[in-house]
Q: 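Dropping the structure in here first, questions after.
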Amino acid sequence: MLQVLQQRRWPLVLFWVLIVAAVVAAPAVLPVFRLNLLGRFLALAIVALGIDLIWGFTGLLSLGQGIFFALGGYAIAMYLQMNSSADLPNGIPEFFGLYGVDQLPGFWEPFHSPVFTLIAIWLIPAVLAAVLGNLVFRNRIKGVYFSILTQAALLVFFNFFNGQQKLINGTNGLKTDVTQLFGQLVGSPEMQRVFFWLTAVVVILAWLFLRWVVRGRFGDVLIAIRDDEPRLRFAGYNPTLFKTIVFAIAGGLAGIGGALYTVQSGIVSPQFMTVPFSIEMVIWVAVGGRGTLVGAILGAVLINYAKSLVSEAMPQSWLFIQGGLFILVVTALPEGVIGWFRGEGPGNWLNRLGIARRSTTYPRLDREGQEEVQP
Amino acid sequence: MQLLLESLFNGVAIGSVLLMAALGLAIVFGLMGVINLAHGELIMLGAYTTYVVQLIFKLPALQPVYNTYVLVAIPLAFIVSGVVGVLLERTVIRRLYGNPLETLLATWGVSLILQQFVRSVPLAHAAGLMLTLVLGFGLPLLLPQKLLAGPRRRLMCAGSWAVSALGGVLLAGGLAAQISRIARATSRNVDVTAPKWMRGGIDYFDITFPVPRLVIIVITVVAVVGVTWFLNRSVWGMRIRAVTQNRSMSDCLGIPTETVDVLTFGIGSGLAGVAGVAVSLLGSVGPNVGGSYIVGCFMVVVLGGVGNLLGTVLASFAIGLLTDLIGAGRLLTVWPDMPTPLADVVNFFATTSMAQVMVFALIVVFLQFRPAGLFPQKGRMVEA
């Protein structure tokens, strides 16, 4: 500890102490409703971390993360439904009765097992992401085409889940808040508190994992893919493999986020797969700062918090604010909030106010070959 | 024979709506490389324009010529969506050329704003605002250049905008006073009733062809022919193609590239407005009407290959025919005694939304073999 202090790392230590204290103390301070919201937003932050990995570091803008998010949610919801329908007459979830189905569809069977479910939450989305991603990446479809295809895939999954009442209850989705886990109601305040802590821990773990991923040589390759993929290819790397891996990681994270979100929101439905929701996820990362992992977490929590506040006060104006945010971020603040602070943003402002000393630098070569002299 | 014809007609009808909606996108995306996610909302604006025009034609003064309102709505929708597109280009998209992903996000923001705009602004006021914009952009083009070139340029510009604003306020006030239905904001869907000559159908070969569908097919054919003529035969079309092929070279040769950008974007957006007229004839119009078309439009453009009108045409008809083939379960009608498992599969996909699932899956499979669509652009660049 003393050594840490001598190395002038005390801000870091303080930061961690504060984070842990906040997470531990939050249930005591916040009312149940707000705590539940914060827990949900942290679950969304996990998804945002995945998007930051593929978009901020690798340059793949996926507009279809909702697929993986919802798949994770459906996995946990199916387990919970099975778990609490054991003492029903048929032994199958109640909603099947509405559609006259008296035999469990085959793909529900494995979700009897909690171990399988815990693996399925991240493995199914990750494998699906790997397969979809590989089909796209190996044809060197990239940039906006990748975005459009992921959006189309999202629509496909939405239509599928929305239309199949007899398999997964269609539009109505699967409820989880009245199901039981360890003999407790999932929707009860005690369980929600546990889920909040679980989510907070997972967010921190995911952040540490991604930090480890992007800091090594692997991370360097990702940034190279983002900045100049053909050159990387000519250098003998196979971008397809790397892209597939990170897309799978992001898919798995989205699945985990979806599962944690579902148990806290009490329902999973095809609404998780709508086109606007998936694009919204992207803007969390953009506002927080692409390529800064903290930015993704911050952006997801802040924007969703703002959304719930604004929607409570003036439901009409949220779309205006959100739309304006999209435009503002890409035109005026492309680095995001965190990127702005880490970059020259504060310095520029101080410059303008005449406080900071102007420093002359070499002209920076821009991409188009135009020289641009920085102040 | 009858079955074939019916199937063909349905497919062409679905395809022509899709083509109409995707045509503007193909121009904007294909020629400028701009992903415009607000395209669906430009379609929506066109549809709302049709609704307002229809209500205006219901006024006693215009009642005798009510049946021709569609013909008036088409150019008006073109202008309204076109002007909004020009505004969008000049304020947002211009800053983002060369960053397609950023453009995508910014235009999504615009689409959200437009959606909420039609929800929370009365249509009468929106019409007034549109008139202001149209006049504001249009007057300087119509006035003699001599007036604008002199030292009084600023004054003239301000004056023309003031006149436009006055016109807009008058129109908004007049409409709100005359037509109570558009005097208040509503987020409910509205219905455009087709004029009398457009209702019903034409019987031919024992099949009924609904007239609105035929009208849409005609509009689509005219639009495609017009755009092809414009791009290939007119001077400005040639300039647009030149800028697409080599921007800096065109700039050197004296082509005003910025004007070309505005023009291209305006035409692409205007075509979205015309698509809006077509869409309004098919069903009710709401703030979310654009969202249901946008993904399909992009699939058409991706499947057809970027920067190629023929590809766009073929792709939309292919998607239309396939959607009809799968969605109506026509394979079962043709081959009634197919084996049960296969019949189950066909039945499983025999709804409109499941047909979309199947069609998109087929497109992804197709892109495995032809990653750049039906007609890829040829080039020697690493990043084609």
Q: Go through the atoms of B/I35 and report whether side chain, backbone, both or neither lie under 4.5 Å from a heavy atom of chain A.
A: side chain
Q: I'd like to know whether CZ of A/F277 has more than 12 heavy-atom contacts from other residues, nucleotides or ligands below 6.0 angstrom.
A: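 For A/F277, atom CZ is crowded (more than 12 foreign heavy atoms under 6.0 Å).
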Q: Measure the CG-CG distance between A/L61 and B/L105 for me, rounded to the nearest 0.5 Å.
A: 5.5 Å
Q: Against chain A, work out which of B/V359, B/T91, B/L104, B/L37 has the most heavy-atom pairs shorter than 4.5 Å and name it.
A: B/L104
Q: Below 4.5 Å from any heavy atom of chain B, which atoms of A/R231 appear? Answer side chain, backbone, both or neither.
A: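 The answer is neither part of A/R231.
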Q: Out of A/S317, A/P276, A/S147, return the one with the most heavy atom pairs under 4.5 angstrom to chain B.
A: A/P276
Q: For chain B, which of A/I279, A/L154, A/V136, A/T331 has the most heavy-atom pairs under 4.5 Å?
A: A/I279
Q: Quick one: CD1 on A/I283 to CH2 on B/W108, what's the gap to the nearest 0.5 Å?
A: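 The distance works out to 11.5 Å.
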Q: What residue in B/Q356, B/E102, B/M299, B/Q116 has the most heavy-atom pairs under 4.5 Å with chain A?
A: B/Q116
Q: Measuring heavy-atom distances to chain B, does A/Y145 have an atom under 4.5 Å in its side chain, in its backbone, in both, or in neither?
A: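 The side chain, not the backbone.
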Q: Please report the closest heavy-atom contact between A/V330 and B/A106, naming both atoms and the distance.
A: CG2-CB, 3.5 Å
Q: Using heavy-atom distances under 4.5 Å, tell me whether B/L101 contacts chain A through its side chain, its backbone, both, or neither.
A: both
Q: Looking only at heavy atoms, which two atoms of A/L319 and B/I113 are closest? And how far apart?
A: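 Looks like O-CG1, 4.5 Å.
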Q: Pick one of side chain, backbone, both or neither for A/V144, based on which atoms fall under 4.5 Å of a heavy atom in chain B.
A: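 Both backbone and side chain.
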Q: A quick test of your reading: do over 12 heavy atoms of other residues, nucleotides or ligands sit less than 6.0 Å from CZ of A/F107?
A: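 Enclosed.
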Q: Under 4.5 Å heavy-atom distance to chain B, tell me which part of A/W55 shows up: side chain, backbone, both or neither.
A: side chain
Q: Can you confirm whether B/R95 is buried at CZ, in the sense that more than 12 heavy atoms of other residues, nucleotides or ligands lie under 6.0 Å from that atom?
A: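 At most 12 heavy atoms, drawn from other residues, nucleotides or ligands, come within 6.0 Å of this atom.
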Q: Side chain, backbone, both or neither: which part of A/L325 has a heavy atom under 4.5 Å from chain B?
A: neither
Q: Looking only at heavy atoms, what is the nearest atom pair of B/F360 and A/A152, with distance?
A: CD1-O, 3.9 Å
Q: What part of A/L135 lies closer than 4.5 angstrom to a heavy atom of chain B: side chain, backbone, both or neither?
A: both
Q: Of the listed residues (B/V92, B/L112, B/T107, B/L114), which shares the most heavy-atom pairs with chain A below a 4.5 Å separation?
A: B/L112
Q: Take atom CZ of B/R119 as the centre, draw a 6.0 Å sphere, and report whether it contains more than 12 heavy atoms from other residues, nucleotides or ligands.
A: yes
Q: Rounded to the nearest 0.5 Å, what separates atom CD in B/Q115 from atom CZ in A/F320?
A: 11.0 Å
